[in-house]
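Below, chain A is the first sequence line, B the second, and so on; all start at residue 1. Note that the structure is predicted; figures quoted are calculated from it, not measured.
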Amino acid sequence: MLVAKDIEKAYGDVVALRGADLSVAAGEVVALLGRNGAGKSTLLSIIAGLRPPDAGSVEIHGIDALADPVAASQHLGIAPQDTGVYRVLTVRENLEFFGELAGLKATRAARAEVVAEQLGLTDLLDRKASALSGGEVRRLHTGCALVHAPELLMLDEPTVGADVATRNQLIEAVRALAADGAAVIYTTHYLPEVTQLGADIVIIDDGRILARGTQAELEADHAISGLAVEVTADFDRARLDTFRPVDLGGGRLRLDGAATMAGVLEAAGDQTSSILSVERLQADLESVFLAVTGRQLDTEPEASR
Amino acid sequence: MSTALAITKLQLRILRRDPAFLVIMFGMPLVIMPILRQTVGLSLAAEGFEGANGAELAVPGQSVVFGFFVAGSVGFSVFREHGWKTWDRLRTSAASPISLLAGFAIPWIIIHVLYQIVLLAVGGLLFGLRFDVSIIADLAVIVSFSFAAISIMLFSVASFRTVNQHQAIVNLGAMVMGGLGGALVPLEQLPGWAQAVAPITPTYWVMQGHRAVFLEDGGLADVATSVAVLCAFGIVFAGFGARRFRSDETKEFFA
């Protein structure tokens, strides 16, 4: 459904993408995982035709999306990170408008109701978007992207600011779409969502795709053992050099697999009181991300610009 | 063009939800028309138009001045989409850039034409504008003015980054061009330099058209030059606007 190859993009001196490749097949859900500024949103916006790449190719449903973006966009639905709905219109009017824009005619009203049902908006169909809560607006925003049942759906941080119920409804809707054959690209900072989606995971960092696989495959290939140590600012970090420390920020250090609790305390010597906590790293997505990129995943998405 | 139609219907729906702007745009000229009518009437009498009551230019003049404010709404609508964060959603739809522009221009051309017709009709009934004239000829002037005004505003959208810059162009069109073109006071009352530069403004040609119809009992042939010049304004600004328009350009609504 989507084949993006060797995508490069720079904003002046800032390089956002350095030869990124991404392919998604029909029925597949891909979770794009990366730190703020890693290039996720830029990659999505290039695929969606919102920005031209400096180099590379994008093919959607066999159509060269860079040469014929209008034809390619007929197979595409995107919910950008910034919430964009018509607040003066009702939920129904918003859904029907985006359906009409995508070419739906007779089925428009019915599709609006189906999507509203999927996202728990049925009781709100005739309410103005301006009267919705933040989570409801977020669901409507996503609904507008999937009302025409696109073959390629891209959701950029769809659950930012959403409550647990909203998250679950969105994830279920995405899973249902994929089960119906849609290809889905999903960016998020909430790792449990990735697990819940059962998505193929693509790790992007510094404009490059560094790893791809199922969660089990990535954990088998990349998960790291070792310790995470939290130290005070005056701690002499050189004392832990034997364990190849990686700065995780906030006074936290990752120590390699050779590190043991006793070894750390011995190395700290007379500064053991400067060690605030020591915990064993679990083989999970967070440690996979750390192993692949050498950095921790941000806990919150970048503020909207 | 189905995408342009969808956007057109959306614009009209949004306007129906909040028609306050149009209501004000109808009310204000109806207040100003009687204030200017007597002055305009005296000027026309001095020119030798016996029996003219001033409504012949005061009523259409206000429809031209406020018509520019109404035309500015096409730009406001585009900037508003940026503020609402819906512009990128429109861009990722199946709408081509030309369909996008058409979707915003079409409803405002329709509204602009209807606005002038209703304002001339109501203003005329209230303040004594003659209707035993060539309605077809005046309609040609009205439609060509709408085309020119909306094209100028689309050019403004394509050229400026912020809604405040666009608003400055709207004010320039309404007040400066309205004044220079003879829409606020008759051209004959303006200083010589202003009369000399007046023909470079579209308002001059609209007012010449209305003048031919309401003061000189002219028909289609008598407004042909005005209509042609206004259409030329429209074509030139629409052409430059389409050429400059970049749908991926970031626009600032209200910062």
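- The backbone N or O of A/Glu157 sits nowhere less than 3.5 Å from a side-chain atom of A/Gln81 that would complete a donor-acceptor pair.
- Looking only at distances, no side-chain donor or acceptor of A/Lys40 sits under 3.5 Å from a matching main-chain atom of A/Asp156.
- Contacts between residues 140-153 of chain A and chain B, defined by a heavy-atom separation under 4.5 Å, are made by A/His141, A/Cys144, A/Ala145.
- Atom CD of A/Gln74 and atom OG1 of B/Thr3 lie 9.0 Å apart (nearest 0.5 Å).
- Taking the centre and axis of the six-membered ring of A/Phe98, the NZ or CZ atom of B/Arg89 falls inside the cone set by 45° and 6.0 Å.
- For a heavy-atom cut-off of 4.5 Å, chain B lies close to no residue in residues 7-25 of chain A.
- For the pairing with B/Val74, the side-chain contact (heavy atoms from CB on, under 4.5 Å) check across B/Gln11, B/Met153, B/His112, B/His166 returns one residue only, B/Met153.
- Proximity of a side-chain donor or acceptor of B/Trp205 to a complementary backbone N or O of B/Val141 within less than 3.5 Å is not detected.
- Contact of A/Ser45 with chain B is not made at all, since no heavy-atom distance falls under 4.5 Å.
- Interface remark: A/Ala102 contributes no atoms to any contact with chain B (heavy atom separation under 4.5 Å).
- The six-membered or imidazole ring of B/Phe79 lies away from that of B/Phe76, with a centre-to-centre distance of 6.0 Å or more.
- The CG atom of A/Leu119 lies 11.0 Å from the CD atom of A/Glu172; values are rounded to the nearest 0.5 Å.
- Ring centers of B/Phe240 and B/Phe245: at least 6.0 Å apart, outside the cut-off.
- With a threshold of 4.5 angstrom between heavy atoms, A/Lys105 does not approach chain B through any atom at all.
- Taking B/Leu5, B/Leu90, B/Asp18 one by one and counting their heavy-atom pairs under 4.5 Å with chain A, the maximum is reached by B/Leu90.
- For the pair B/Asp248 (side chain) and A/Leu50 (backbone), a donor-acceptor distance under 3.5 Å is absent.
- Note that CD1 of A/Ile47 is 12.5 Å distant from CD of A/Glu59, once rounded to the nearest 0.5 Å.
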